[in-house]
K.L.:
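I'd like to ask you about the structure that follows.
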Amino acid sequence: MTGMTISQQILTVAAVIAGTMLTRFLPFLLFPADKPLPDYIRYLGNVLPAAVTGLLVVYCLRGVSWTCFPYGSAEILSVVSIVLLHRWKHNMFLSIAGGTALYMMLIRLLA
């Protein structure tokens, strides 16, 4: 198998850098600090976090087998623990880390 040449590697790195810089700086250019945000952008900022979270939950639970042992119990307990931890401490990192740790423990114990 042949690898990339040095010029291809440089062009690839340059393209990645340009894409990263564009996505980082473009919002500041489109929406300067001295002008108010358009209503639609403000609306998206309010609704997208919940929509993305819901999408991630559905994506994570899509492959769970609900009809055979352990009937998705590790996933259900982990999701419940994430919700409870977040309502208790209001700390996203603690919620995700705690739910992930519980899930990893449960899949080893229940399998």
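Heavy-atom basis, side chains included; hydrogens, waters and symmetry copies ignored.
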K.L.:
Examine Val57 and Val80 and state if one hydrophobic cluster contains both, with Ile, Leu, Val, Met, Phe, Trp and Tyr joined whenever side-chain heavy atoms are less than 4.5 Å apart.
P.N.:
yes
K.L.:
Considering all heavy atoms of both residues, which atom of Gly3 and which atom of Gln8 are nearest to each other, and what is their separation?
P.N.:
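So the minimum-distance heavy-atom pair works out to O-OE1, 4.4 Å.
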K.L.:
Check whether Ile17 and Phe25 end up in the same hydrophobic cluster, where Ile, Leu, Val, Met, Phe, Trp and Tyr are linked by side-chain heavy atoms less than 4.5 Å apart.
P.N.:
yes
K.L.:
Could you state the interatomic distance from CG (Leu110) to OG (Ser73), rounded to the nearest 0.5 Å?
P.N.:
4.5 Å
K.L.:
Has Arg108 got a side-chain atom pairing as donor or acceptor with Met105's backbone, closer than 3.5 angstrom?
P.N.:
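Such a contact is absent between Arg108 side chain and Met105 backbone.
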K.L.:
Nearest heavy-atom pair of Ala74 and Ile107: which atoms, and what distance?
P.N.:
CB-CG2, 4.1 Å
K.L.:
Can you name the closest pair of heavy atoms from Gly72 and Trp66 and give their distance?
P.N.:
CA-CZ3, 3.9 Å
K.L.:
Roughly how far, to the nearest 0.5 Å, is CG of Asp39 from CG of Leu44?
P.N.:
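These two atoms lie 11.0 Å from each other.
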K.L.:
Would you name the heavy atoms of Leu106 and Ser78 that are closest together and state the gap between them?
P.N.:
CD1-OG, 4.2 Å
K.L.:
Measuring from atom CD1 of Ile76 to atom OH of Tyr71, what distance do you get when rounded to the nearest 0.5 angstrom?
P.N.:
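That separation rounds to 12.0 Å.
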K.L.:
Indicate the atoms forming the closest heavy-atom contact of Ser81 with Gly99, along with that distance.
P.N.:
OG-CA, 3.7 Å
K.L.:
Would you say Phe28 ends up clustered with Leu22 if hydrophobic residues are merged whenever their side chains have heavy atoms under 4.5 Å apart, either directly or through other cluster members?
P.N.:
no
K.L.:
Got Phe31 and Pro38 here, is their nearest side-chain heavy-atom distance under 4.5 Å?
P.N.:
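When only atoms from C-beta onward are counted, Pro38 and Phe31 do touch, with a gap below 4.5 Å.
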K.L.:
To the nearest 0.5 Å, how far apart are CG in Leu11 and OG1 in Thr5?
P.N.:
8.0 Å
K.L.:
To the nearest 0.5 Å, what is the distance between CG (Asn46) and CD1 (Ile41)?
P.N.:
11.5 Å
K.L.:
Do you know the tightest heavy-atom contact between Leu37 and Arg42?
P.N.:
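Where Leu37 meets Arg42 most closely, the heavy atoms are O-NH2, 2.8 Å.
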K.L.:
Are side-chain heavy atoms of Tyr43 and Val47 found at a separation under 4.5 Å?
P.N.:
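Tyr43 vs Val47: side chains touch.
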K.L.:
Look up atom CD1 in Ile82 and atom CG in Leu77, then write down how far apart they are to the nearest 0.5 Å.
P.N.:
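So the CD1 of Ile82 and the CG of Leu77 are separated by 11.0 Å.
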